[in-house]
Amino acid sequence: MCVPVRKPGWVSSRRLFEQKLSDLHKCGNLIQIKQVHAQIIRAHLHHDPYVVPKLIAAFSLCRQIALAVKVFDEIPEPNVHVYNAMIRAHTQNSQSSQAFATFFNMQSNGVLPDNFTYSLLLKACLGKTWFHVIQMLHTHIEKCGFCSDIFVPNALIDSYSKCGPVGVSAAKKLFMVMGVRDIVSWNSMIGGLVKFGELGEARHLFDEMPERDFVTWNTMLDGYVKAGQMSEAFEFFQRMPERNVVSWSTIVSGYSKAGDMEMARMLFDKMPVKNLVTWTIIISGYAKKGIANEANCLYDQMEEAGLKPDDGTIISILAACAESGLLRLGEKVHASIERNRYRCCTEVSNALVDMYAKCGSLDEAYKVFEGIRKKDLISWNVMLHGFATHGHGEKALQLFARMKKKGFSPDAVTFIGILCACTHAGLVEEGLHYFQSMDREYGIVPQVEHYGCVVDLLGRGGRLEEAFRLVNSMPVEPNAVIWSSFLGACRVHNAVDLAGEVLDHLAKLESSNPGNFSMLSNIYAAAGNWESVANMRLKMRSAGMQKASGASSIEVNEEVHEFKVFDESHPQSDKIYHMIGKLNQDLKRVGYVPIVR
DNA sequence: GTAGGGTTAG
């Protein structure tokens, strides 16, 4: 008898292919996926309803949504599994509207959605604007009876819980009528309550629920942290039966946000397991407070421990650097990016541009900006603000023109940059022109922030009467920022009577801000009205107010130097004052007249 | 279903 002889490798290579196919959706390596894709085509499996969803999932995991769509488009009659895979891919790649487009496409092709379809669509509904869509899906779900699958109502509670207080009430209603609840239902409900400040009610559910896991405890802990109730948070943290890396990171982040870096550091040093998120929290915490040496040191330690910063780490630390001007750390992060990867995503580049601009390296900011291949609206806005805050009004306006030419339409944030640019460059008429064009040409209704910019624009330009008229005729309620900006203009232009009137408004809005009172007191002093100065000071003292003195800081060679008004504590104080004197002389020579106080 | 994340007037 003749037994067919197989080559020894034949069975194993086929098994290997099957293995690769079954794990394909978990594969994160694009080259491997492409190889398996080629094998799939050779094996004529590229229309196979079991293989196609896995292939779509794999491409989606590698953020290759275009390839996923290509695979999908080649399927003549996709079934519900294939549609679901495509909806999931769009959602994972933050393409909510495409996820819904796929859903509508599926319905018009007569393919009936299943319970998975609805859970996946609900994941695409992020935030306030989606409330009515979630309601619509909710109605569909009830009609089709998909609530019997616990994943579906859980997904509903989760989505409702993330879209504002109104959503939370809807989630509560659903939670109440659910016949069966699992731990995820309770956790999602508590998460929603915590997110929108209903801490008491969250705690009530926490106490009431039959069993709790890490997520339950950590969600509740985060609630105390986000509410700024750190003593309650710490007490809760100590009471926890078990703590994992998320519990420790949450409490560290709480102290870090509260500015208590000593406590944050103590807990950070004590925690048994640290991951990238933990390091991000502690480094950003130090960086935000401007504690450069600790931030730099820990960043090095993180890299020495073999951890490579990801997008979250980079964006978070760069934002912290931008806030307090830590150029050295920002540069260090930039160096890591260049060392670890070939190209960075737009979000990371935007954070770099912002960091360089806020740290004063405008040239470097512009270099990074020019290098961004796929600029988005935020890229343009960030660069525009960079030019604006450094007084390069013309450059900012040129950039605005270039941005429009490239087909970007400005948003509300763009106009804050434009108005700010005009203010800092003294372009009052241009600023007013742009302000008027907002609604007229671009359909953007000015917000209180925009009015703030214009009040500043007019105020600094000495057109106090116009600014005052604008404040009084604004369609939105003027806030404390508007009035204090106006008060600043009164000081510059010695408008004593107007200032007194402004303070009355301010006192109503933020009665306890000593800055406002001391500003008015300075205005009276400048006008020589010493009786009013004494009066103001007396008022402040009897209210127990003390104005914290402002300070500026700069980082030179990894050391932060801080300066206050009339400060002589710096070792090189003499040299510094000498330089200030020289600068003042230079300024006077070019026509600048300083305010005499 | 839980921890870190980009632009915004004084």
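Excluded from the calculations below are hydrogen atoms, water molecules and symmetry mates; all remaining heavy atoms, backbone and side chain alike, are included. In what follows, chains carry the letters A, B, and so on, assigned in the order in which the sequence lines appear, proteins first and then strands, with residues in each chain numbered from 1.
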Atom [atom1] of [X] and atom [atom2] of [N]: how far apart are they, to the nearest Å?
| X | N | atom1 | atom2 | answer |
| --- | --- | --- | --- | --- |
| A/Lys274 | B/dG4 | NZ | C1' | 16 Å |
| A/Leu221 | B/dG4 | CG | P | 11 Å |
| A/Leu307 | B/dG4 | CG | C1' | 13 Å |
| A/Asp213 | B/dT2 | CG | C1' | 9 Å |
| A/Ile281 | B/dG5 | CD1 | P | 8 Å |
| A/Asp222 | B/dA3 | CG | P | 5 Å |
| A/Ile190 | B/dA3 | CD1 | P | 14 Å |
| A/Ile444 | B/dT8 | CD1 | P | 17 Å |

Is it the case that the base of [N] and the side chain of [X] share a donor-acceptor contact (distance under 3.5 Å, atom types as modelled)?
| X | N | result |
| --- | --- | --- |
| A/Ser284 | B/dG4 | no |
| A/Ser316 | B/dG4 | no |
| A/Asp310 | B/dG4 | yes |
| A/Asn381 | B/dG6 | no |

Give the nucleotide from the list [options] with an atom nearest to the side chain of [X].
| X | options | value |
| --- | --- | --- |
| A/Thr313 | B/dG4, B/dG5, B/dG10 | B/dG4 |
| A/Lys162 | B/dG10, B/dT8, B/dT2 | B/dT2 |
| A/Val277 | B/dG10, B/dT7, B/dA3 | B/dA3 |
| A/Asp354 | B/dA9, B/dG10, B/dT7 | B/dT7 |
| A/Ile378 | B/dT7, B/dA3, B/dG10 | B/dT7 |
| A/Thr250 | B/dA3, B/dG6, B/dT7 | B/dA3 |
| A/Thr280 | B/dG10, B/dG4, B/dA9 | B/dG4 |

Over all strands shown, is [X] touching base, sugar-phosphate only, or nothing at heavy-atom distances under 4.0 angstrom?
| X | answer |
| --- | --- |
| A/Asp182 | nothing |
| A/Asp376 | base |
| A/Gly312 | base |
| A/Val413 | base |
| A/Asn275 | base |
| A/Ser485 | sugar-phosphate |
| A/Val353 | nothing |

| Taking the six-membered ring of A/Phe369, is the NZ or CZ of A/Lys375 close enough (under 6.0 Å from the centre) and on axis enough (within 45°)? | yes
| Is the number of heavy atoms from other residues, nucleotides or ligands under 6.0 Å of A/Phe236 CZ greater than 12? |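 Atom CZ in A/Phe236 is packed in, count exceeds 12.
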Would you indicate, yes or no, if [N] has its OP1 or OP2 atom less than 4.0 angstrom from a side-chain nitrogen or oxygen of [X]?
| X | N | value |
| --- | --- | --- |
| A/Lys358 | B/dT8 | yes |
| A/Lys288 | B/dG4 | no |
| A/Lys195 | B/dT2 | no |

| request: Determine the minimum heavy-atom distance between A/Glu303 and A/Pro309, stating which atoms define it. | output: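 Here A/Glu303 and A/Pro309 meet closest at OE2-CD, 3.8 Å.
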Can we say [X] and [Y] salt-bridge, meaning some charged N sits less than 4.0 Å from an Asp/Glu carboxylate O?
| X | Y | value |
| --- | --- | --- |
| A/Lys332 | A/Asp300 | yes |
| A/Arg402 | A/Glu370 | yes |
| A/Arg265 | A/Glu294 | yes |

| task | Assess the side chains of A/Asn218 and A/Asn244: does a donor N or O sit below 3.5 Å from an acceptor N or O? | result |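 Present: a donor and an acceptor within the cut-off.
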